[in-house]
Novice: 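Below you'll find the structure I mean.
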Amino acid sequence: MQAAVQMTLVFVYGTLKKGQPNYFRMLDPANGKASFRGRASTVDKFPLVIAEKGNVPFLLNIPGQGHHVQGEVYSVDDQMLAFLDHFERTPDMYQRTLVKLKVEEWAEDAGAVRSTGSTMEAFTYSTTTYKPEWVTLQSYENYDSYGDHGLVFTTHL
């Protein structure tokens, strides 16, 4: 008998989203399993800024400032969660914390049924460690590496 695989919900808002430069990492079975569950936005506002020479998106852990950040929810296995922790340089660059989300759209085959507008929790990667000037940077509601801002993501730090 096979043991049940523990799955964890993770909210991604940056380069790991569909159509973004690091999305391929979510699809790579060598990293573990990640299944798209739906789209959501943060219940609290947070500053989502683009910083550093690689134009990296950072979610600053300053609730109440910025925007209701839009992103995607994935169900990931322990192997993918460990990969994401390493990829996001947890705990040095980012911290994995629970965030409250409002469901925007939920996949029909996503297991637990969640209705549009309902709230849920998932882990996300945010940072409490950042340069003071980052709080003065433009904040975004929806990150797109190829957006009008012209700050194309070039590398992971």
Side-chain angles (χ1 to χ4, degrees), residues 4-28 31-51 55-130 134-135 137-149 151 153 156:
V5 175
Q6 175 66 36
M7 300 299 278
T8 303
L9 293 175
V10 175
F11 174 72
V12 298
Y13 54 82
T15 67
L16 293 168
K17 294 188 314 182
K18 290 179 182 180
Q20 298 303 309
N22 284 311
Y23 176 62
F24 72 95
R25 298 176 192 280
M26 301 296 281
L27 303 175
D28 187 345
N31 296 335
K33 181 171 173 49
S35 300
F36 176 77
R37 294 299 181 225
R39 293 184 311 104
S41 59
T42 59
V43 169
D44 291 325
K45 292 180 178 182
F46 291 95
L48 172 58
V49 300
I50 301 172
N55 296 323
V56 178
F58 289 94
L59 186 70
L60 306 184
N61 195 353
I62 310 173
Q65 293 185 27
H67 299 279
H68 299 284
V69 176
Q70 298 174 0
E72 299 170 349
V73 178
Y74 289 83
S75 180
V76 302
D77 65 7
D78 288 343
Q79 182 181 343
M80 179 62 79
L81 190 61
F83 167 80
L84 291 172
D85 282 352
H86 176 75
F87 178 75
E88 300 290 6
R89 296 187 184 176
T90 303
D92 300 324
M93 189 164 93
Y94 291 99
Q95 297 80 43
R96 179 168 30 106
T97 57
L98 276 175
V99 65
K100 216 176 240 190
L101 302 169
K102 180 176 130 187
V103 175
E104 305 290 340
E105 175 185 5
W106 203 251
E108 288 183 27
D109 62 346
V113 177
R114 299 193 188 271
S115 57
T116 300
S118 66
T119 58
M120 60 176 290
E121 285 188 330
F123 283 105
T124 197
Y125 293 90
S126 64
T127 185
T128 54
T129 308
Y130 50 85
W134 289 9
V135 297
L137 295 174
Q138 180 175 345
S139 180
Y140 298 90
E141 179 179 31
N142 190 9
Y143 173 81
D144 183 351
S145 178
Y146 314 105
D148 294 342
H149 49 68
L151 301 171
F153 174 83
H156 192 62

Novice: When the ring planes of Y143 and H149 are compared, do they come out parallel, tilted or perpendicular, using 30° and 60° as the limits?
Specialist: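 The rings of Y143 and H149 lie parallel, inter-plane angle below 30°.
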Novice: Should the pair K18 and F36 be classed as cation-pi, given the thresholds of under 6.0 Å to the six-membered ring centre and 45° from the axis?
Specialist: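 The answer is yes; both the distance and angle limits are met.
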Novice: Does the side chain of P21 reach to within under 4.5 Å of the side chain of Y146, using non-hydrogen atoms?
Specialist: yes
Novice: Are any non-hydrogen side-chain atoms of T127 and L60 less than 4.5 angstrom apart?
Specialist: yes
Novice: Has H68 got a side-chain atom pairing as donor or acceptor with S41's backbone, closer than 3.5 angstrom?
Specialist: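 Such a contact is absent between H68 side chain and S41 backbone.
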Novice: Starting at CG of L84, measure out to CG of L16 and round the result to the nearest 0.5 Å.
Specialist: 6.5 Å
Novice: Taking the side chain as every heavy atom from C-beta outward, state whether Y13 and L48 have any pair of such atoms under 4.5 Å apart.
Specialist: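 Side chain of Y13 against side chain of L48, heavy atoms only: contact under 4.5 Å found.
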Novice: Are the side chain of T90 and the backbone of R96 linked by a donor-acceptor contact shorter than 3.5 Å?
Specialist: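 Checking the backbone N and O of R96 against the side chain of T90, no donor-acceptor pair under 3.5 Å is found.
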Novice: Go through it in stages, so that I can follow the logic: the residues are Y125 and D85, the test is side chain to side chain donor-acceptor pair (under 3.5 Å), and I'd like the CA-CA distance, side-chain angles, deciding distance and then a yes or no.
Specialist: CA-CA 9 Å; Y125 293 90; D85 282 352; 2.7 Å; yes
Novice: With a 4.0 Å cut-off on N to O distance, would you call R39 and E105 a salt bridge?
Specialist: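 Looking at R39 and E105, the cut-off is met.
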Novice: Would you say the side chain of L9 lies within less than 4.5 Å of the side chain of M120, judging by non-hydrogen atoms?
Specialist: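 With C-beta onward as the side chain, the pair touches.
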Novice: Can you list everything that forms a side chain to side chain contact (heavy atoms under 4.5 Å, CB included) with S139? Sequence neighbours excluded, please.
Specialist: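 Side chain to side chain contact (heavy atoms under 4.5 Å, CB included) check on S139 returns P47, H67.
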Novice: To the nearest 0.5 Å, what is the distance between CD (E121) and CZ (F11)?
Specialist: 13.0 Å
Novice: Stepwise, does the side-chain contact (heavy atoms from CB on, under 4.5 Å) test hold for N22 with F153?
Specialist: CA-CA 10 Å; N22 284 311; F153 174 83; 3.5 Å; yes
Novice: Roughly how far, to the nearest 0.5 Å, is CG of L101 from OG1 of T124?
Specialist: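 Atom-to-atom, T124:OG1 and L101:CG are 7.5 Å apart.
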Novice: Determine whether V76 and R37 make a side-chain contact, defined as any pair of heavy atoms from C-beta on separated by less than 4.5 Å.
Specialist: no
Novice: Do the side chains of V135 and I62 get nearer than 4.5 Å, heavy atoms only?
Specialist: yes
Novice: For M80 and Y74: C-alpha separation, side-chain torsions, deciding distance, then whether side-chain contact (heavy atoms from CB on, under 4.5 Å) applies.
Specialist: CA-CA 10 Å; M80 179 62 79; Y74 289 83; over 6 Å; no
Novice: Are any of the side-chain nitrogens in K100 or D44 under 4.0 Å away from the carboxylate oxygens of its partner?
Specialist: no
Novice: For Y130 and N61, does a side-chain donor sit closer than 3.5 Å to a side-chain acceptor?
Specialist: no
Novice: Please check this pair: side chain of D77 against backbone of K33, looking for a donor-acceptor N/O pair closer than 3.5 Å.
Specialist: yes
Novice: Does any part of the side chain of Q95, heavy atoms only, come nearer than 4.5 Å to the side chain of T128, both counted from C-beta?
Specialist: yes
Novice: May I ask you to decide if the ring planes of W134 and F58 are parallel, tilted or perpendicular, using 30° and 60° as cut-offs?
Specialist: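 Tilted, since the angle between the ring planes falls between 30° and 60°.
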Novice: Stepwise, does the side-chain contact (heavy atoms from CB on, under 4.5 Å) test hold for I50 with Y140?
Specialist: CA-CA 8 Å; I50 301 172; Y140 298 90; 3.7 Å; yes
Novice: Measure across V69 and F46 and return the closest heavy-atom pair with its distance rounded to 0.1 Å.
Specialist: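 Here V69 and F46 meet closest at CG2-O, 3.6 Å.
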Novice: Between the side chains of N31 and Q79, does any donor sit under 3.5 Å from an acceptor?
Specialist: no
Novice: V43 and K102: which non-hydrogen atoms are nearest, and at how many Å?
Specialist: CG2-N, 3.8 Å
Novice: Indicate yes or no: at least one non-hydrogen side-chain atom of F123 is less than 4.5 angstrom from one of T97.
Specialist: no
Novice: What's the shortest heavy-atom distance between Y23 and K17, and which atoms?
Specialist: CB-O, 3.1 Å
Novice: Given 3.5 Å as the limit, does a donor-acceptor pair link the side chain of S75 with the main chain of S35, or not?
Specialist: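 Side chain of S75 to backbone of S35, a donor-acceptor pair under 3.5 Å: no, none is there.
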Novice: With rounding to the nearest 0.5 angstrom, report the CD to CG distance, Q70 to D144.
Specialist: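 If I round to the nearest 0.5 Å, the distance is 11.5 Å.
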